[in-house]
Amino acid sequence: MNWDEHLLLWNEANVKLLDIRHQSMAQGDELRGYKLPSSAFLWVTRGRGRVMLDGTGYAIDGFHLLHGGKGMILDIISFGDPLEYDLIMYKALLAFPGNRYLHRLLKRSSPFRIQYGFAPHAPLALHSKFQIMEQSWRKLALLDKLHAKGVLYQFVHELLGQMAEQELGGRRTDLVSQATRYIETSYSEAITAQGLAELLGCSSSYLSRLFKKQLGTTPNEYLIQVRIEHASRLLTETKAPLQEISASIGYLDVYYFSRVFKKQTGVPPLRFRSLAAEKSVQKNPFNSSIQAIVPRKGRGYNENDSHYEKEGDLTMYKDLKLSVGAVMLLCMTLLFSGCATSIGSNESGVTDGAPATVGQEQLQIKVVKHMMGESEIPIDPQRIAVNGLEDIMLAIDAPIVHAQSMKGQYLYDTLQAKKIPSVYTPGSLNYESILDSKPDLIIANLLASDTESYEQLSKIAPTIVYDRGDWKTSIAAIGKALNREDKAQSVIQAYEEKLHKAKEAIVAKIGADRTLAFIRPSQQDVQLFFPAFSYTSIAYKDLGMTIEPMLAKLQSKEEEGVWGIEASLETLPELTADYLFATVGGSFDSEDEAKAALEELNEVEKLNVWQQIPAVKQGHVYKMSSRHWMLNGPTADNMKIDDVLAAFDLQ
């Protein structure tokens, strides 16, 4: 599919929404030979079955999106639980029919007539758009019909974006990130934890446990935080009455809204509005936007993301408010950085490693490529703020003035010994703290899609972004950017040598064919990790261990690159592995959370299903701390090697 042509035609088309039809099929029901009366999207929301579109088959299991053109023949067979789907029928014509180029393009590759299908990685983002569109379509008013047509464009925008991302190797979004994205786009709707869990195909208790583990909060608490954030913006940016603000964020009872708002912020809504107005008028001569008063928080993705695998990026959404002083400092930073940019824009031919002169300070910069594009950074930065890449930066002895860490985390003591300020804000990047550190460069670990956080950081200082998961590639790139290439290469070489010696020692002692199962159990279920999971792949792949047979069979049924699966505790006795590695807790657990996680594992060990595991009977179970096993970096991975060697009495 040519995405540029596809998008051009959608942009130039006049689209009319014709109908939205909902259908439910019981097990064994069939739809045969249905001829599409128009172009249509088939949006499957639940159930298992098989769809044939003009002879092309699609296996359906849960959310699935298909598209077909007018006249195509649709066949559907339901295999299990009721299969529910909606047909979104539409007609598209070129808005400017006289454009010969568009006509040729439409004739060659019409996006309105072709067929395609895919299982979206973030289905709730699509479903939230669909629900709004369907609700408006069911109403009789022409204004509502117009609204439904507008949301159809949003629906298409979302699905084309997801299709392009997945075609280009985009990665699966985990349950928590799907849920948070849904909440952030549908917070004004009636959302319950039970309803959210049903959409995701899991139990509400399981979803709540995932939220608690990854974000430190519950789905309901997260919804409240998002709603109050939006209410804060409306109170500060508008003069809308409380009743209107309350209804716009999903609270029909304005008194209940006032109580919730005060509980979350410490002040009633009207008092919050007056305080914000006083700060804006009296203390902020630059009249900065509300974005500085109530900044939008960046999303985070955690360990159960099938591909992102960024457990250590736990971003809960709490207590992120810039002080007025920080706002003023940020404004001054933007003002002078804007001046420097305008001066530097007259320079030409700036390339990697080539200095450029900016103003009278003769600031030398170079252009560096990174995950978010290209950035101009100082050639010799002396004050670097780091978020998520502390392991790499410590390894190359970079000049760090700000880091993200907390007591108990595996790098905390090292950072304290080096007197590097370490701030951990559960919920987001602490922009105020980063700003106060006066960095001349920021190096961060962000998702490629998290452009909002990147833009916020770039307002403070030049920012470059790298992936911690592939730390050897990132340390080489960072070493080049900071003129520490030799140091970076020596770190990689030392690690490879240690890994090679450890593998030889392990194989020599236990053999090359001994099997391993790497798991994380809880009292409700167990996570079974595959070798593709970057945090635990060192045990499976790098150190010569063989994946346990049952896990290998389960892996063969999943898509390539999937981190693993969640299973019931009843499956534990089926693990025939010679050795069992059990990880405990999460990477950024507090002291209390780490203690609770260990106590939970101790309770699991008392269960009969645990006692029946062959490796348990042989005494071949080893506990691994998630504080470094669920993160990547030269120090973390060296600690993993040490753990495995210690398990086999090789240290």
(request) Please report the C-alpha distance between F130 and H127 in whole Å, then the side-chain angles of each, then the deciding distance to 0.1 Å, and finally whether the side chain to side chain contact (heavy atoms under 4.5 Å, CB included) criterion is met. (result) CA-CA 5 Å; F130 171 76; H127 196 57; 4.2 Å; yes

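Between the side chain of S474 and the main chain of D467, a donor-acceptor pair closer than 3.5 Å is present. In this structure, the side chain of K129 does not engage the main chain of V151 through any donor-acceptor pair within 3.5 Å. No donor-acceptor pair under 3.5 Å is formed between the side chain of Q523 and the backbone N or O of E600. Between the K145 side chain and the W137 main chain, a donor and an acceptor come within less than 3.5 Å of each other. With hydrogens and angles ignored, the 3.5 Å screen pairs a side-chain donor or acceptor of R227 with a backbone N or O of I249. For E158 (side chain) and A125 (main-chain N/O), no donor-acceptor pair under 3.5 Å exists by modelled atom type. Formation of a donor-acceptor pair under 3.5 Å by the S78 side chain with backbone atoms of D29 is not found in this model.
If you check the side chains of Y187 and Q225, you find no donor sitting under 3.5 Å from an acceptor.
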Show which side-chain atoms of residues 53-70 pair as donor or acceptor with protein atoms under 3.5 Å away, not counting sequence neighbours.
{"residue": "D54", "atom": "OD1", "partner": "I73", "partner atom": "N", "Å": "2.9"}
{"residue": "Y58", "atom": "OH", "partner": "Q115", "partner atom": "OE1", "Å": "2.8"}
{"residue": "H67", "atom": "ND1", "partner": "I114", "partner atom": "O", "Å": "2.7"}
{"residue": "H67", "atom": "NE2", "partner": "Y90", "partner atom": "OH", "Å": "2.7"}

Can you give each donor-acceptor pair under 3.5 Å made by side-chain atoms of residues 576-585, sequence neighbours left out, with the distance rounded to 0.1 Å?
{"residue": "T576", "atom": "OG1", "partner": "E548", "partner atom": "OE2", "Å": "2.9"}
{"residue": "D578", "atom": "OD2", "partner": "R514", "partner atom": "NE", "Å": "3.3"}
{"residue": "D578", "atom": "OD2", "partner": "T515", "partner atom": "N", "Å": "2.9"}
{"residue": "D578", "atom": "OD2", "partner": "T515", "partner atom": "OG1", "Å": "3.3"}
{"residue": "T583", "atom": "OG1", "partner": "M624", "partner atom": "O", "Å": "3.3"}
{"residue": "T583", "atom": "OG1", "partner": "S626", "partner atom": "OG", "Å": "2.6"}

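In this structure, F155 and I132 have side chains that are not in contact, with every pair of non-hydrogen atoms separated by 4.5 Å or more.
Between Y466 and W471, a ring centre-to-centre spacing not shorter than 6.0 Å is recorded.
Salt-bridge annotation for K623 and E605: present, with a side-chain N of the basic residue lying under 4.0 Å from a carboxylate O of the acidic one. Salt-bridge formation is not detected for the pair D643/K640: no Lys NZ or Arg NE/NH1/NH2 atom is positioned less than 4.0 Å from an Asp or Glu carboxylate oxygen.
With F518 as the partner, the ring pair (Phe, Tyr, Trp, His ring centres under 6.0 Å) test is satisfied by one option alone out of Y622, W629, F533: W629.
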